[in-house]
Enquirer: 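A single structure is presented below for examination.
In this text, all values refer to a predicted model and were calculated from it rather than measured experimentally. Each chain gets a letter, A, B and so on, in the order the sequences are listed, and its residues count up from 1.
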There are 2 protein chains.
Amino acid sequence: MKAENKHSKIISAATKVFAKKGFFTARISDIAKEAKVADGTIYLYFNNKYDILLSVFEEEVGKIVENTEKLLSLEDDPRKQLEIFAIQHLLAMKKNRHLAEVIQIELRQTHKIIKEYRDNNFSNYTGIIAEIIRNGQKSGIYRSDIKPDLAKRAFFGALDEISRVWNASLETNYSVKEIATQILSIFLAGIQVDPSNLPE
Amino acid sequence: MKAENKHSKIISAATKVFAKKGFFTARISDIAKEAKVADGTIYLYFNNKYDILLSVFEEEVGKIVENTEKLLSLEDDPRKQLEIFAIQHLLAMKKNRHLAEVIQIELRQTHKIIKEYRDNNFSNYTGIIAEIIRNGQKSGIYRSDIKPDLAKRAFFGALDEISRVWNASLETNYSVKEIATQILSIFLAGIQVDPSNLPE
DNA sequence: ATTACAAGAATGAATGGTCATTCATGTTTT
DNA sequence: AAAACATGAATGACCATTCATTCTTGTAAT
């Protein structure tokens with residue numbers, strides 16, 4: 001079996017196991033079993049357990065950020081951009097529930113290194129929202145009294161909490177479309193200068 | 001020293017230590033040291049490490065819920081009620097950063113029991129928001145197309161994410177007042193039938 | 001085409017360190 | 001002098017990590 005293949009097999013096994021049991025409760029042997037390799041094999045590809053966690057972020061989360069930024073660059077209406085962000089985030093979280101759980105739960109551990117990692121990456125990610133809002137303010141679409149730094153958190157927090165509950169509960173599911181529509185209808189009405197304006 | 005005293009000394013030591021190191025990384029001996037008791041003493045008051053975590057929730061979180069519900073019962077304008085919820089939540093999280101971290105980080109661990117606990121408590125807590133929104137819809141103040149179940153999460157998520165960042169970063173702090181005002185100005189404009197209506 | 005050999009990959013049992021928990025003993029309170 | 005409370009060293013379970021060994025693959029000589 002090719003090396004690259006095994007590397008990614010371990011990553012996705014780890015994502016699954018971390019999501020299910022949590023980083024600390026997950027055993028290397030669980031991951032090995034899930035990936036159908038021997039315990040020792042994992043150490044041919046990763047330095048230690050913690051390194052596996054970081055790799056999960058780097059590889060999986062990076063993809064999401066990249067993808068979102070690409071899509072955003074094709075659109076310049078700040079209202080549409082907010083919509084794109086919301087939909088992409090929700091889709092990404094829905095598509096890979098294991099990853100979503102790992103991000104939402106494990107990324108919140110208070111470890112210094114994770115914290116730094118998160119600061120370097122998720123604050124980039126949520127920074128995208130702040131940027132969209134600033135642009136919208138410049139072009140007079142969004143209210144100038146809105147503080148982008150607070151609004152970005154409110155918006156991200158709203159999306160994050162909603163997708164968190166997907167994983168944690170058995171409640172009735174709304175579709176991504178429905179959710180995005182609701183959230184946007186609240187936020188756009190909430191931050192626009194003239195809420196009756198719809199994009200396009 | 002009286003027993004009750006020691007019990008709560010351990011609770012608050014545990015809150016502090018869990019917040020700082022995370023549940024799994026925290027050692028019983030850390031908690032014992034922080035509480036200035038012997039390791040073994042902890043087992044006179046709690047069954048095991050996990051039991052300490054649950055007790056932290058039951059005792060500390062219960063207070064917040066109770067307090068919020070009391071304040072809400074004195075007010076029946078749904079717009080004011082939302083404001084009260086926001087301010088109380090932010091104040092509670094700000095007042096006890098250790099507790100806030102424990103709630104936000106540890107409560108998200110995927111353990112079955114915690115999950116059930118959370119379902120029984122936090123869904124009550126966020127349920128308060130949904131209830132406020134439903135009432136507001138009945139009295140024609142909030143838009144009837146808003147889904148209370150989604151809006152409650154959006155609102156809670158916004159508050160939660162903002163207070164989470166208090167703990168996780170060194171960024172410029174806004175005051176509780178400022179934050180509550182911003183969030184409410186977004187959400188009230190976002191969900192009201194006629195956003196130009198202000199309460200009172 | 002077959003055999004021989006080496007290098008890399010994979011294995012999983014054994015190791016060692018880290019705590020949660022216990023309990024024999026000591027101390028304080030009534 | 002009981003009873004209740006408190007102590008902290010000792011125990012033992014757990015699991016990340018290691019490493020001696022086995023397996024696989026590719027190359028080259030015959």
Enquirer: Measure from the side-chain heavy atoms of A:N48 and tell me the nearest of D:dT7, C:dA20, D:dT17.
Expert: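 Nearest to the side chain of A:N48 among the choices is D:dT17.
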
Enquirer: Taking 4.0 Å as the cut-off, does a side-chain nitrogen or oxygen of A:Y45 come that near to OP1 or OP2 on C:dA10?
Expert: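 It does, given that an N or O in the side chain of A:Y45 lies less than 4.0 Å from OP1 or OP2 of C:dA10.
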
Enquirer: One thing to verify: whether A:K147 and A:D149 come together as a salt bridge, which I'm taking to mean a side-chain N less than 4.0 angstrom from a carboxylate O.
Expert: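 Between A:K147 and A:D149 there is no salt bridge, as every charged N stays at least 4.0 Å from the carboxylate O atoms.
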
Enquirer: What is the distance, to the nearest angstrom, from the NZ atom on A:K49 to the C1' atom on D:dT17?
Expert: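 Answer to the nearest Å: 12 Å.
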
Enquirer: It should be established whether A:K6 places a side-chain nitrogen or oxygen under 4.0 Å from OP1 or OP2 of nucleotide C:dA10.
Expert: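 The answer is yes; a side-chain N or O of A:K6 sits under 4.0 Å from OP1 or OP2.
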
Enquirer: So if I take every side-chain heavy atom of B:D39 and compare against C:dT11, C:dG12, D:dG8, which nucleotide ends up nearest?
Expert: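 Per side-chain heavy atoms of B:D39, the pick is D:dG8.
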
Enquirer: Return no unless some side-chain N or O of B:Y50 is found under 4.0 Å from OP1 or OP2 of C:dA20.
Expert: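 No, B:Y50 has no side-chain N/O under 4.0 Å of OP1/OP2 on C:dA20.
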
Enquirer: Looking at the side chain of B:L44, which of D:dG8, D:dA16, D:dA6 is the nearest nucleotide?
Expert: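 Selected nucleotide (nearest to the side chain): D:dA6.
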
Enquirer: Please state how far atom CZ in A:F23 lies from atom P in D:dC15, giving the value in whole angstrom units.
Expert: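 Spelled out: CZ on A:F23 to P on D:dC15 is 14 Å.
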
Enquirer: Of all the choices, D:dA6, C:dT21, D:dA16, which nucleotide is nearest to the side chain of B:T41 once you look at every atom?
Expert: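 Within the option list, the nearest is D:dA6.
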
Enquirer: Go through the steps for B:R153 and A:E161 under the test salt bridge (Lys or Arg N to Asp or Glu O under 4.0 Å), then give the verdict.
Expert: CA-CA 6 Å; B:R153 274 182 210 130; A:E161 176 68 13; 5.5 Å; no

Enquirer: When the aromatic ring centroids of A:F85 and A:Y125 are compared, is their separation below 6.0 Å?
Expert: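 They qualify: ring centres under 6.0 Å apart.
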
Enquirer: Whether A:E131 and A:R134 form a salt bridge (side-chain N of Lys/Arg under 4.0 Å from carboxylate O of Asp/Glu) is what I want to check.
Expert: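 Yes, A:R134 and A:E131 are salt-bridged.
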
Enquirer: Please figure out whether A:N47 or B:K36 has its closest DNA chain D nucleotide nearer the 5' end.
Expert: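 Whichever sits nearer the 5' end wins; that is B:K36.
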
Enquirer: Give the nucleotide from the list C:dA20, D:dG8, D:dT18 with an atom nearest to the side chain of B:R27.
Expert: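 Nearest to the side-chain atoms of B:R27, counting from C-beta on, is C:dA20.
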
Enquirer: Send over the distance from B:D51 CG to C:dA20 C1', rounded to a whole Å.
Expert: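 Atom-to-atom, B:D51 to C:dA20, this comes out as 14 Å.
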
Enquirer: Ring centres under 6.0 Å, that's the criterion: do A:F23 and B:F24 meet it?
Expert: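 When the ring centroids of A:F23 and B:F24 are compared, they turn out to be at least 6.0 Å apart.
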
Enquirer: Could you state the atom-to-atom distance from CD1 of B:I42 to P of C:dC19 in whole Å?
Expert: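 The answer, rounded to whole Å, is 15 Å.
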
Enquirer: Nearest whole Å is fine: how far is C:dA10 P from A:K33 NZ?
Expert: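 One finds 21 Å between P of C:dA10 and NZ of A:K33, rounded.
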
Enquirer: Whole-Å distance between D:dA9 P and B:Y43 OH?
Expert: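 It is 16 Å, rounded to the nearest whole Å.
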
